[in-house]
Engineer: 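What follows is a structure written as structure tokens; I'll ask about it next.
When reading the values below, keep in mind they use all heavy atoms of this one structure, side chains included, and skip hydrogens, waters and symmetry mates.
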Amino acid sequence: MDWFPFWLSLRVAGLATVLTVLLGSLIAWPLARARFWGRDLAIGVVNLPLVLPPTVLGYALLVGLGRRSVFGAWYEHLTGHSLVFTWEGAAVAACVASLPLFISQARVAIAAVEPDVIGAARTDGASGWPLVRSIFLPLAWPGLLAGTALAFARALGDFGATLMVAGDTPGVTQTMPLAIYDAVLSGDAGTVRAFVLLSTGLCLGVSLLAARLGRN
């Protein structure tokens, strides 16, 4: 049995989770702490990957990351190769699919920090990064970790967007969900059982961890 899809899925989900936490934190902060015109529209756009058909999301990413796009041309100029049909492209697709889950948890966690606590810290002279490090991170970390766990699980199981952006090349871009699909088509019941059990166990463990963190 070829275990490459398992290890690739962990690598894709790991990079996607890092990207999701970095980008999602920047987006969640103003949505949680600021009131501005168009905020509801911004929240709707952030949640789009949850409701769009995966093929539509994947096609949009394929166009946005392709070598004819501004970002795709910049990435190819920087690295010498296209982002599309690579495992890094799969990580970007999984990141976009995971963003709404992290941002929704992060928004709630950041917004739940009591204004009185923030006011007291500012009275003592805290502001900017020291305020985030000493007040927001210690108080909001259970929600942020729960969002990180959910984002990892979502990235681990992404199928449609990954298939559209990275393709399904065995030994190159074939993740576990894609390997399961191919094994079902070819009648390889052993591979299907192994990867289904592995995926279910991993996602269940991460979901339980997220639920426990969310209660805190």
Side-chain angles (χ1 to χ4, degrees), residues 1-28 42 45-106 147-186 191-192 195-196 198-199 202-203 206:
M1 180 173 161
D2 181 12
W3 288 95
F4 178 85
F6 170 69
W7 297 114
L8 181 63
S9 290
L10 292 182
R11 189 164 45 160
V12 167
L15 178 58
T17 304
V18 172
L19 296 174
T20 298
V21 171
L22 294 176
L23 182 59
S25 298
L26 294 177
I27 298 173
V45 171
V46 165
N47 287 334
L48 259 184
L50 282 180
V51 295
L52 275 177
T55 49
V56 174
L57 177 63
Y59 179 74
L61 288 171
L62 190 61
V63 172
L65 301 176
R67 58 180 49 176
R68 292 184 180 178
S69 71
V70 174
F71 180 81
W74 171 80
Y75 183 87
E76 187 166 347
H77 175 74
L78 192 68
T79 64
H81 62 84
S82 173
L83 184 59
V84 173
F85 302 124
T86 64
W87 78 270
E88 294 93 337
V92 173
C95 164
V96 174
S98 306
L99 267 174
L101 292 175
F102 175 81
I103 291 174
S104 63
Q105 293 283 331
T148 302
L150 288 175
F152 178 81
R154 178 66 182 82
L156 195 66
D158 185 70
F159 179 86
T162 298
L163 179 62
M164 292 288 287
V165 173
D168 181 15
T169 305
V172 181
T173 61
Q174 188 182 65
T175 58
M176 267 198 300
L178 301 176
I180 291 170
Y181 178 75
D182 285 350
V184 169
L185 291 182
S186 63
T191 298
V192 173
F195 282 151
V196 165
L198 203 51
S199 298
L202 279 172
C203 290
V206 173

Engineer: Could you pull out all residues at least two apart from F195 that satisfy ring pair (Phe, Tyr, Trp, His ring centres under 6.0 Å)?
Structural biologist: W3
Engineer: Taking only distance into account, with no hydrogens and no angle test, what donor-acceptor pairs under 3.5 Å do side-chain atoms of residues 10-28 form with protein atoms, sequence neighbours excluded?
Structural biologist:
unit_1	atom_1	unit_2	atom_2	d
T17	OG1	A13	O	2.6
T20	OG1	A16	O	2.7
S25	OG	V21	O	2.6

Engineer: For V92 and V165: C-alpha separation, side-chain torsions, deciding distance, then whether side chain to side chain contact (heavy atoms under 4.5 Å, CB included) applies.
Structural biologist: CA-CA 9 Å; V92 173; V165 173; over 6 Å; no
Engineer: Identify the heavy atoms of G167 and L178 that sit nearest to each other, and give their distance.
Structural biologist: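 That closest heavy-atom pairing would be O-CD1, 3.5 Å.
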Engineer: If the condition is ring pair (Phe, Tyr, Trp, His ring centres under 6.0 Å), which residues does W7 pass it with, not counting sequence neighbours?
Structural biologist: none
Engineer: Let me have the donor-acceptor pairs involving side chains of residues 150-157, under 3.5 Å, with sequence neighbours excluded, atom names and distances please.
Structural biologist:
unit_1	atom_1	unit_2	atom_2	d
R154	NH1	D158	OD1	3.2
R154	NH2	D158	OD1	3.4

Engineer: Side-chain donor-acceptor pairs under 3.5 Å in residues 45-65, sequence neighbours left out?
Structural biologist:
unit_1	atom_1	unit_2	atom_2	d
N47	ND2	I43	O	3.3

Engineer: Please name all residues satisfying ring pair (Phe, Tyr, Trp, His ring centres under 6.0 Å) with F85, sequence neighbours left out, ordered by chain then number.
Structural biologist: none
Engineer: So, does T191 use its side chain to make a donor-acceptor pair with the main chain of A183 at under 3.5 Å?
Structural biologist: no
Engineer: Residues two or more places apart in sequence or in another chain: which of them pass side-chain hydrogen bond (donor to acceptor under 3.5 Å, both in side chains) with S199?
Structural biologist: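 In terms of side-chain hydrogen bond (donor to acceptor under 3.5 Å, both in side chains), with neighbours along the sequence ignored, S199 is linked to no residue.
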Engineer: Applying side-chain hydrogen bond (donor to acceptor under 3.5 Å, both in side chains), can you list everything that pairs with D182, at least two apart in sequence or on another chain?
Structural biologist: Q174
Engineer: Kindly state each residue pair satisfying ring-ring contact (aromatic ring centres under 6.0 Å, His included) with at least one member in residues 159-181, sequence neighbours excluded.
Structural biologist: F159-Y181
Engineer: Any pair with a residue in residues 49-61 that passes salt bridge (Lys or Arg N to Asp or Glu O under 4.0 Å), sequence neighbours left out, goes on the list, sorted by first then second residue, please.
Structural biologist: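 Checked against salt bridge (Lys or Arg N to Asp or Glu O under 4.0 Å) - neighbours excluded - no pair reaches residues 49-61.
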Engineer: V172: which residues meet the side chain to side chain contact (heavy atoms under 4.5 Å, CB included) condition with it, sequence neighbours left out?
Structural biologist: T169
Engineer: T86: which residues meet the side-chain hydrogen bond (donor to acceptor under 3.5 Å, both in side chains) condition with it, sequence neighbours left out?
Structural biologist: E88
